[in-house]
Amino acid sequence: MKKIGPHSRPDSLRKLDGRSKEARLLKSVRSALVEHLGGDPSITQFVLIDRAAWLILHMGLMDNHMLQGGAPAERDSRQYLAWANTLTRTMRSLGLDKSPTVTRGLDALLAERRAQA
């Protein structure tokens, strides 16, 4: 599979099968946002979660490109700012400025943490 970058074609991004770091990032962001929303998002929330995960992936790829010395072109800078603004609006639509709803007791949370350690 070709290396995935910030300007990869949608076809190459569709082929993510879970083994690449990009696919793991998408899965991690999705599961964290689902958990933050209480574990049972509506279909519209899930669409927004998916959109946020893809935006985070693209912005991360662009960050890596710039950190490796790739000077951002003017088009890249505009695209990055557009993604950042879209991500902010997406997160606001999800209501992520609020604290998550606690659905489990403290005992269950501590037992889960002990099991993970």
Side-chain angles (χ1 to χ4, degrees):
M1 188 162 99
K2 290 183 182 178
K3 185 173 177 169
I4 296 174
H7 301 293
S8 292
R9 299 176 61 94
D11 292 342
S12 60
L13 293 174
R14 244 184 258 130
K15 295 176 187 172
L16 294 176
D17 64 356
R19 293 179 290 177
S20 68
K21 62 183 175 185
E22 292 86 3
R24 289 191 309 268
L25 174 67
L26 285 173
K27 184 178 179 181
S28 171
V29 169
R30 286 177 183 138
S31 64
L33 290 173
V34 165
E35 184 179 327
H36 185 80
L37 292 175
D40 189 27
S42 68
I43 186 65
T44 53
Q45 287 174 322
F46 190 75
V47 169
L48 290 171
I49 286 169
D50 192 55
R51 185 56 36 216
W54 281 102
L55 287 166
I56 289 169
L57 172 63
H58 280 289
M59 291 175 70
L61 292 170
M62 185 87 66
D63 288 340
N64 285 340
H65 174 71
M66 287 187 276
L67 287 173
Q68 293 174 359
E74 184 179 339
R75 177 185 176 272
D76 291 343
S77 297
R78 286 194 312 264
Q79 185 67 58
Y80 189 89
L81 289 174
W83 288 337
N85 289 331
T86 302
L87 180 60
T88 299
R89 288 191 309 273
T90 302
M91 295 297 199
R92 260 195 224 127
S93 295
L94 283 171
L96 295 181
D97 55 338
K98 302 172 188 159
S99 61
T101 306
V102 176
T103 57
R104 298 175 283 171
L106 181 59
D107 293 333
L109 184 61
L110 289 174
E112 181 182 320
R113 294 273 170 105
R114 274 188 237 115
Q116 290 176 351

Task: For S42, side-chain contact (heavy atoms from CB on, under 4.5 Å) partners two or more places apart - done: T44, Q45
TODO: For S31, enumerate each residue passing the side-chain contact (heavy atoms from CB on, under 4.5 Å) test, keeping only those at least two apart in sequence or located in another chain.
DONE: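 Once residues adjacent in sequence are excluded, S31 has no partner under the side-chain contact (heavy atoms from CB on, under 4.5 Å) criterion.
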Once you round to the nearest 0.5 Å, how far does [atom1] of [X] lie from [atom2] of [Y]?
{"X": "L57", "Y": "R24", "atom1": "CG", "atom2": "CZ", "result": "12.5 Å"}
{"X": "M59", "Y": "L81", "atom1": "CE", "atom2": "CG", "result": "8.5 Å"}
{"X": "L87", "Y": "H58", "atom1": "CG", "atom2": "NE2", "result": "12.0 Å"}
{"X": "D76", "Y": "W83", "atom1": "CG", "atom2": "CH2", "result": "7.5 Å"}
{"X": "L25", "Y": "E22", "atom1": "CG", "atom2": "CD", "result": "8.0 Å"}
{"X": "T90", "Y": "L33", "atom1": "OG1", "atom2": "CG", "result": "10.5 Å"}

Task: Smallest separation among heavy atoms of I49 and L37, with atom names - done: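 Looking at all heavy atoms of both residues, the closest pair is CD1-CD1, 3.7 Å.
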- [ ] Scan residues 53-68 for pairs that pass salt bridge (charged side-chain N to carboxylate O under 4.0 Å, His left out), counting only residues two or more places apart or in two chains.
- [x]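 Applying salt bridge (charged side-chain N to carboxylate O under 4.0 Å, His left out) to every pair that reaches into residues 53-68, excluding sequence neighbours, yields nothing.
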- [ ] Scan for salt bridge (charged side-chain N to carboxylate O under 4.0 Å, His left out) pairs involving residues 42-52, sequence neighbours excluded, and state none if there are none.
- [x]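 Every salt bridge (charged side-chain N to carboxylate O under 4.0 Å, His left out) pair that includes a residue of residues 42-52, provided the two are not neighbours, is R30-D50.
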- [ ] List in chain and number order the residues that pass side-chain hydrogen bond (donor to acceptor under 3.5 Å, both in side chains) with S77, two or more places apart in sequence or in another chain; answer none if no residue qualifies.
- [x] none
